[in-house]
Each structure stands twice: as C-alpha cells, then as structure tokens.
There are 2 protein chains.
Amino acid sequence: MRIGELSRRTGVPTRMLRYYEEQGLIAPRRRENGYREYGEYLVDRVRKIRELLDSGIPTRIIGDMLPCLDDTSDTVIAEPDPELRALLVEQRDKMSERITVLEHNRDALDRYIVAMDRAERDVADGAVSTV
Amino acid sequence: MRIGELSRRTGVPTRMLRYYEEQGLIAPRRRENGYREYGEYLVDRVRKIRELLDSGIPTRIIGDMLPCLDDTSDTVIAEPDPELRALLVEQRDKMSERITVLEHNRDALDRYIVAMDRAERDVADGAVSTV
DNA sequence: TTTGACATTATCACCCATGTGAAGGTTTGA
DNA sequence: TCAAACCTTCACATGGGTGATAATGTCAAA
C-alpha cells in the first residue's frame with residue numbers, strides 16, 4: 001500500500017511515517033515512480049512503534065528491539081548474539097523499573113482522586129465546610 | 001542544605017536542580033548571600049521528580065501532580081477543584097495505558113531472551129548448528 | 001589578613017530527540 | 001487538464017538537558 005493508506009489505517013500522519021523511515025524504524029520498498037510501497041505487516045509495526053514512543057522508549061532502542069517483539073512464543077534463534085542479549089536484558093529491566101514507578105504513582109494519584117470525591121460528597125451532604 | 005549537598009544526596013547534578021527550579025518543580029528559599037536553601041523534604045521530592053521524568057512524564061504534568069503524590073492515604077482536601085480532578089484522572093489513565101504497553105513488551109522481550117538462552121544452550125550441548 | 005581552592009550565582013548559548021510546516025516539483029487518475 | 005497524492009529538502013518548535021564564562025561567597029592555611 002502507499003503512504004496515504006498506511007497513514008489512514010494507523011492514524012499516523014504521513015509526515016511521521018517518513019520520519020520513522022529516516023530514523024531507521026521502517027524500510028518500505030520503492031515503486032518505479034519513487035513512491036513508497038508498504039507491506040501489510042507494517043500496519044501493526046507502525047502501531048507498535050507509536051505505542052513504544054508514547055511509553056517513552058527512544059527510537060534508537062525501538063529499532064534494536066523491534067525484531068524481538070513478535071508475540072510468537074516459539075521464536076527460533078540461529079546465532080545468539082551476546083551483545084544483543086545484554087541490550088535486551090537492560091531494556092527489559094528498565095521497563096520493569098518504569099512499570100514499578102508508574103504503578104506506584106498511579107495508585108497515589110488514584111488515592112488522591114478518591115479523597116477529592118470523598119470531600120466533594122461531604123460538601124454535598126452538608127458537612128461543615130473547611131474552606 | 002545548599003545545592004551541592006542536595007546534589008550529592010540525590011545524585012542529580014546542580015545544573016539540573018537549577019533547571020528544575022526554572023521549570024517550577026522546586027522552589028528553594030534563598031539565604032542572605034543569594035545561595036539557595038533546600039529543605040530536607042526536597043531530597044525525596046527531587047528523587048520523585050527524577051523517577052517521573054525517567055518514566056516519561058513531562059515537567060509540566062509533574063508540576064501539577066506533585067502536590068497530589070504524597071503517600072499518605074488520609075489526605076484531606078478542603079476545596080475539591082473539578083479541573084484538577086479531570087487532569088489527574090486523565091494522567092492516571094494514561095499511566096495505566098503505559099503500564100499495559102510496557103508490560104506487554106517487557107514480556108515479549110523476556111520471551112525472546114529465554115529463546116536466545118535456549119538456543120545458546122543447544123549449541124553448547126552439541127546440537128546441529130544452524131549457522 | 002591575605003591568598004587560594006572550592007561552592008555558588010546568573011546568563012548565554014548549544015545539543016539531541018521528536019516532531020511539524022512549508023515550498024517547489026513529479027505522478028496519478030478521474 | 002487539474003486536483004490530489006506523492007516526492008525531497010530546508011527550516012523551525014518544543015522538551016530536557018549540558019557547557020562555558022565571569023562574578024561573587026566561604027573557609028582554612030600561611
């Protein structure tokens with residue numbers, strides 16, 4: 001498919017799709033006329049890229065990780081690369097840390113919201129105002 | 001305490017501490033000589049700022065959220081602000097989404113790492129090489 | 001009490017990452 | 001033929017820092 005269709009199907013502006021290509025995250029083939037030709041699988045790939053960027057993973061890392069993020073559990077690896085392994089372990093652990101921090105703070109936010117609602121309800125019930 | 005000590009105790013360069021002040025995240029008082037004077041509680045606060053920034057939360061949002069992130073469960077709110085509530089709910093939900101994405105991808109990474117190790121072990125066991 | 005090392009101050013400018021806007025040119029397809 | 005889709009390229013925006021300079025403050029040893 002061409003860039004416009006991919007853009008429509010992923011919700012990602014064409015401008016950004018070209019940018020991701022520049023960053024080495026996707027590598028569409030070219031038609032004779034110079035137009036980019038995107039394979040079907042790139043729809044999911046682009047969505048995954050957006051998710052990861054939204055979660056704060058930089059493009060450089062995404063580029064290294066993408067080939068390892070297929071959801072199949074029966075991945076077969078021909079030549080295990082120790083350097084790649086180290087990078088993946090590092091990223092996995094960083095992700096775990098982020099998850100911990102986010103959970104912690106989300107829960108704190110949630111408690112605060114509940115407290116706000118409690119206060120609101122108390123006001124509505126005619127409790128003595130603390131303003 | 002002065003900026004150098006806070007820097008030592010948090011591991012955050014003085015340059016950054018001044019930057020966070022500029023961004024409105026911390027507001028140390030000043031001594032007569034112009035030096036910044038940091039209260040003890042800012043040690044935790046600066047650590048929390050670092051955590052949140054590392055997790056991809058922008059300073060603007062951190063500034064709004066910080067007062068709501070105390071870990072005490074018995075927070076009392078005098079005048080519940082609906083706008084603030086909306087912002088907090090939005091951020092809480094964004095955090096939940098991020099957590100989901102990060103968990104998903106961390107698990108995928110983890111599976112890949114396990115697969116690599118399995119491949120490595122097979123090689124060591126003298127399995128037929130696929131190189 | 002002065003000297004010298006070290007901490008702090010402010011300010012200006014610069015870097016990288018992630019986008020975004022706009023100009024100017026080519027290709028497609030009704 | 002003409003609009004819409006595509007192409008490249010250059011430039012700008014924002015966020016989060018970082019480096020360098022020059023001036024002042026502190027403190028201890030000579």
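Given the structure is predicted, the values throughout are model-derived calculations rather than measurements. Quick note on labels: first sequence line is chain A, next is B, and so on, each numbered from 1.
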- Query: Would you call B:L102 and A:K94 a side-chain contact if the rule is heavy atoms closer than 4.5 Å?
  - Reply: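 They are not in contact (no side-chain heavy atoms under 4.5 Å apart), so the answer is no.
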- Message: In the structure I gave you, are the side-chain heavy atoms of A:L66 and A:I49 within less than 4.5 Å of one another anywhere?
- Response: yes
- Along DNA chain C (nearest heavy atom to each residue), the more 5'-positioned of B:E22 and B:T14: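 Looking at DNA chain C, the more 5' nearest nucleotide goes with B:T14.
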Looking only at non-hydrogen atoms, find the nearest pair between [X] and [Y] and report the distance.
X: A:L84; Y: A:C68; result: CD2-SG, 4.5 Å
X: A:M1; Y: A:G39; result: CE-O, 3.9 Å
X: B:P67; Y: A:Y112; result: O-CE1, 4.3 Å

- If you walk 5' to 3' along DNA chain D, what is the first nucleotide with an atom under 4.0 Å of a heavy atom in chain B, and what is the last? D:dG16 to D:dT26
I need the [atom1]-[atom2] distance between [X] and [N], as an integer number of Å.
X: B:R18; N: C:dA10; atom1: CZ; atom2: C1'; result: 9 Å
X: B:L17; N: C:dA10; atom1: CG; atom2: P; result: 13 Å
X: B:E37; N: C:dT9; atom1: CD; atom2: C1'; result: 15 Å

- Hphob cluster co-occupancy, A:Y35 + A:V43, side-chain heavy atoms under 4.5 angstrom: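 In one cluster: no.
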- Query: Are B:L109 and A:I61 in one and the same hydrophobic cluster, where Ile, Leu, Val, Met, Phe, Trp and Tyr link if side-chain heavy atoms are under 4.5 Å apart?
  - Reply: yes
- Query: Within the structure shown, what part of the strands sits under 4.0 Å from A:R8 by heavy-atom distance: base, sugar-phosphate, or nothing?
  - Reply: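 Nothing: the residue A:R8, judged by heavy atoms under 4.0 Å, touches no strand.
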- Message: Between B:T14 and B:Y19, does the side-chain contact (heavy atoms from CB on, under 4.5 Å) criterion hold? Intermediate values first, please.
- Response: CA-CA 8 Å; B:T14 60; B:Y19 174 70; over 6 Å; no
- Query: Along nucleotides 18-30 of chain C, 5' to 3', which nucleotides get a B, which get an S, and which get a -, given that the test is a protein heavy-atom distance under 4.0 Å?
  - Reply: BBBBB----BS--
